[in-house]
Amino acid sequence: MNPFTCKVIEIIKSIPEGYVMTYGQVAELAGSRRGARQVVRILHSMSRIHQLPWHRVVNAKGEIAIREDESRSLQLLYLTGEGIQVDGNGRIDLEVYRYNPDCGDGV
DNA sequence: AGTGTGACTTGGG
DNA sequence: ACCCAAGCCACAC
């Protein structure tokens, strides 16, 4: 397993309850700004194995990235269950719920 | 080996 | 605010 994958997993596991991160954010923290798609693949592949909170990962628009499937409803349920406000289109206020490991605690 | 696709991102109209 | 196009990377056929 390459360090990038490992980092991505660790980062996603570090997302606190009630907060979300974008794919690009995770990828950048893992060391690859262009790795957003790779993050997606890792989530798809490892979420079940590593029990990752995949529902706390959204796209840059702050919207639930997944297509219209059961999983999307499940993610919506998880997010709202953690206290995150999601609108009818599955959109989230990134300015409010975005988690910054580098600044979220110190600032 | 080449082509197509995706739970993405950013920039421009 | 919304829609469209181009860029990127890894995997599947």
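Labels below follow one simple rule: chain letters A, B, ... track the order of the sequence lines, proteins then strands, and each chain is numbered from 1. Just so it is clear, the structure is predicted and the values come from calculations on it, not from any experiment. Below, all heavy atoms of this structure are taken into account, side chains as well, without hydrogens, waters or symmetry copies.
One finds a side-chain N or O of A/R91 lying less than 4.0 angstrom from the OP1 or OP2 phosphate oxygen of C/dC2.
Clustering ILVMFWY residues whenever any of their side-chain heavy atoms sit less than 4.5 angstrom apart, transitively, puts A/L76 in a cluster other than the one holding A/L52.
A pairwise comparison of heavy atoms in A/F4 and A/A27 identifies CE1-O, 3.9 Å as the closest pair. For the residue pair A/Y99 and A/Q25, the shortest heavy atom distance occurs at O-NE2, 3.0 Å. A pairwise comparison of heavy atoms in A/K13 and A/H50 identifies CD-O, 4.4 Å as the closest pair. When all heavy atoms of A/I66 and A/Q75 are compared, the pair lying nearest together is CG2-OE1, 3.9 Å.
Distances from the side chain of A/R33 to the nucleotides B/dT9, B/dT10, C/dC9 place B/dT10 closest.
As a whole-Å value, the separation of A/F4 CZ from C/dC8 P is 16 Å. To the nearest angstrom, C1' of B/dT9 lies 15 Å from CG of A/L29. Nucleotide B/dC8 holds its P atom 16 Å from the CE atom of A/M21, rounded to whole Å. To the nearest angstrom, P of C/dC9 lies 14 Å from CG of A/N2. If you take OH of A/Y78 and C1' of B/dA7, they are 16 Å apart, rounded to a whole angstrom. The interatomic distance linking A/R72 (CZ) with B/dG6 (C1') rounds to 16 Å, in whole Å. Summarising the geometry, the separation between CZ on A/R41 and C1' on C/dA10 is reported as 6 Å, rounded to the nearest angstrom. Here the P atom of nucleotide C/dA10 and the CE atom of A/M1 are 16 Å apart, to the nearest Å.
With values rounded to the nearest 0.5 angstrom, A/K61 atom NZ is found 13.5 Å from A/I92 atom CD1.
The closest donor-acceptor contact from the side chain of A/Y19 to the backbone of A/N100 lies at 3.5 Å or more, if one exists at all.
Within residues 42-71 of chain A, the residues approached by DNA chain B to less than 4.0 Å at the level of any non-hydrogen atom are A/L43, A/H44, A/W54, A/N59, A/A60, A/A65, A/I66, A/R67, in residue-number order.
Using a 4.0 Å heavy-atom cutoff across all strands shown, A/R34 reaches sugar-phosphate atoms only and no base atom.
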